[in-house]
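For clarity, every value in this text was computed on a predicted model and none was experimentally measured.
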Amino acid sequence: MDKLLRVIENNARLSLEEIAAMIGESPEAVAARLDDYKRQGVIRGNRTLIDWERVGGNGVHAMIEVRVSPETDYGFDEIAEKISRLEEVDSVMLMSGGYDLGVDVRGESFEEVAMFVSRRLAPLSGVLSTVTHFVLRVYKKAGALYSFEDRDERERVNV
């Protein structure tokens, strides 16, 4: 496994000098490798994890199970690409199990997400069925714990 990728995957805010010291390379070599990874599409962005509950929320997040009919010659790729291009869609993943695609969607309200599913996602050619699961609370995301820091440590007594 590439040490450089592991380091920046866990903390993309480190300086070139800090990364170089951690992996035993020069800052110039690290910069060149990062540029190469960006050109090759290995590095796909630098995102910050935000606990939106702490700042008043960020709308609605839903995870949607989608069953599809794979296209001849393209399998699941063509319908997955169509779904990926919809602006409300955050991520699309090919899954094993009871459904074919897992789709993460964000919207301003439950109704907005429901309307997206019924008017834009479900009618797509190749979509057989959908099941929508609304995310009510995030406890852990991308390895980072959420919502546990402020827990009251006093002993709970049941009467």
Side-chain angles (χ1 to χ4, degrees), residues 1-14 19 23 33-154 156 158:
M1 204 50 66
D2 188 316
K3 284 183 182 179
L4 171 59
L5 294 177
R6 283 284 173 216
V7 166
I8 65 169
E9 181 179 43
N10 291 320
N11 186 350
R13 293 191 63 186
L14 294 170
I19 296 169
I23 66 172
R33 288 182 58 202
L34 289 173
D35 288 343
D36 285 343
Y37 281 142
K38 288 175 187 173
R39 271 193 298 280
Q40 295 169 19
V42 173
I43 296 174
R44 299 273 177 172
N46 302 305
R47 298 189 75 175
T48 302
L49 294 175
I50 298 172
D51 188 343
W52 287 106
E53 283 186 27
R54 292 182 182 266
V55 292
N58 185 32
V60 175
H61 175 199
M63 300 172 75
I64 304 169
E65 300 175 5
V66 183
R67 288 190 57 234
V68 300
S69 175
E71 298 283 330
T72 307
D73 298 329
Y74 297 103
F76 296 100
D77 293 346
E78 192 170 298
I79 187 69
E81 183 179 343
K82 284 181 196 173
I83 293 170
S84 296
R85 293 188 183 284
L86 299 171
E87 67 186 60
E88 297 88 347
V89 173
D90 190 47
S91 59
V92 178
M93 297 146 294
L94 181 62
M95 309 294 288
S96 65
Y99 58 98
D100 303 307
L101 300 174
V103 179
D104 284 346
V105 173
R106 301 206 180 264
E108 293 297 317
S109 66
F110 290 103
E111 181 181 25
E112 183 178 301
V113 171
M115 290 297 104
F116 162 76
V117 172
S118 67
R119 292 183 179 160
R120 298 192 65 204
L121 180 60
L124 285 176
S125 175
V127 171
L128 301 175
S129 65
T130 65
V131 176
T132 302
H133 305 274
F134 288 101
V135 175
L136 303 177
R137 185 167 209 182
V138 175
Y139 293 104
K140 187 174 185 178
K141 182 176 180 180
L145 291 174
Y146 283 53
S147 307
F148 294 109
E149 295 84 14
D150 295 335
R151 181 172 278 180
D152 190 346
E153 293 298 323
R154 292 178 287 182
R156 180 184 298 207
N158 293 326

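Residues satisfying the salt bridge (charged side-chain N to carboxylate O under 4.0 Å, His left out) criterion with Arg67, sequence neighbours excluded, are absent altogether. Residues satisfying the side chain to side chain contact (heavy atoms under 4.5 Å, CB included) criterion with Glu9, sequence neighbours excluded, are Arg6. Arg39 is linked by a side chain to side chain contact (heavy atoms under 4.5 Å, CB included) to Asp35, Asp36, counting only residues two or more places apart in sequence or in another chain. Every residue meeting the salt bridge (charged side-chain N to carboxylate O under 4.0 Å, His left out) condition with Glu88, not counting sequence neighbours, appears here in chain and number order: Arg120. A search for side chain to side chain contact (heavy atoms under 4.5 Å, CB included) contacts involving Arg106 returns His61, Asp90, Lys141, not counting sequence neighbours. Applying the side-chain hydrogen bond (donor to acceptor under 3.5 Å, both in side chains) rule to Glu81 yields the partners Arg85; only residues at least two apart in sequence or on another chain are considered. Residues that satisfy the side chain to side chain contact (heavy atoms under 4.5 Å, CB included) test with Phe134, not counting sequence neighbours, are Val60, Ala62, Phe110, Val113, Thr132. With sequence neighbours excluded, no residue forms a side-chain hydrogen bond (donor to acceptor under 3.5 Å, both in side chains) with Ser125. Applying the side-chain hydrogen bond (donor to acceptor under 3.5 Å, both in side chains) test to Arg119 and every residue at least two apart in sequence or in another chain returns nothing. For the side-chain hydrogen bond (donor to acceptor under 3.5 Å, both in side chains) test, no residue two or more places apart in sequence or in another chain qualifies with Arg13.
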Run the side chain to side chain contact (heavy atoms under 4.5 Å, CB included) check on Arg33 and Ile23 step by step: do they pass?
CA-CA 12 Å; Arg33 288 182 58 202; Ile23 66 172; 4.0 Å; yes
Residue pair Asp100, Val66: steps toward the side chain to side chain contact (heavy atoms under 4.5 Å, CB included) verdict:
CA-CA 6 Å; Asp100 303 307; Val66 183; over 6 Å; no
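Residues Leu128 and Val68 form no side-chain contact, since every pair of their non-hydrogen atoms from C-beta on lies 4.5 Å or further apart. Contact check for Asn11 versus Val7: no side-chain heavy atoms found under the 4.5 Å cut-off. The closest side-chain heavy-atom distance from Leu86 to Leu124 is below 4.5 Å. The side-chain heavy atoms of Leu101 and Ile83, taken from C-beta on, include a pair separated by under 4.5 Å. Looking at heavy atoms from C-beta onward, Tyr37 lies in side-chain contact with Leu4 at the 4.5 angstrom threshold.
Enclosure of atom CD in Gln40 by more than 12 non-hydrogen atoms of other residues, nucleotides or ligands within 6.0 angstrom is indicated.
The two atoms that bring Ile43 and Leu5 nearest to each other are CG1-CD2, 4.4 Å, heavy atoms only.
Annotation: the span from Ser84 atom OG to Asp77 atom CG amounts to 10.0 Å, rounded to 0.5 Å.
Pairs of residues two or more places apart, or lying in two chains, never qualify as ring-ring contact (aromatic ring centres under 6.0 Å, His included) while including a residue from residues 64-104.
A distance-only check finds no donor-acceptor pair linking the side chain of Asp104 to the backbone of Met63 [under 3.5 Å].
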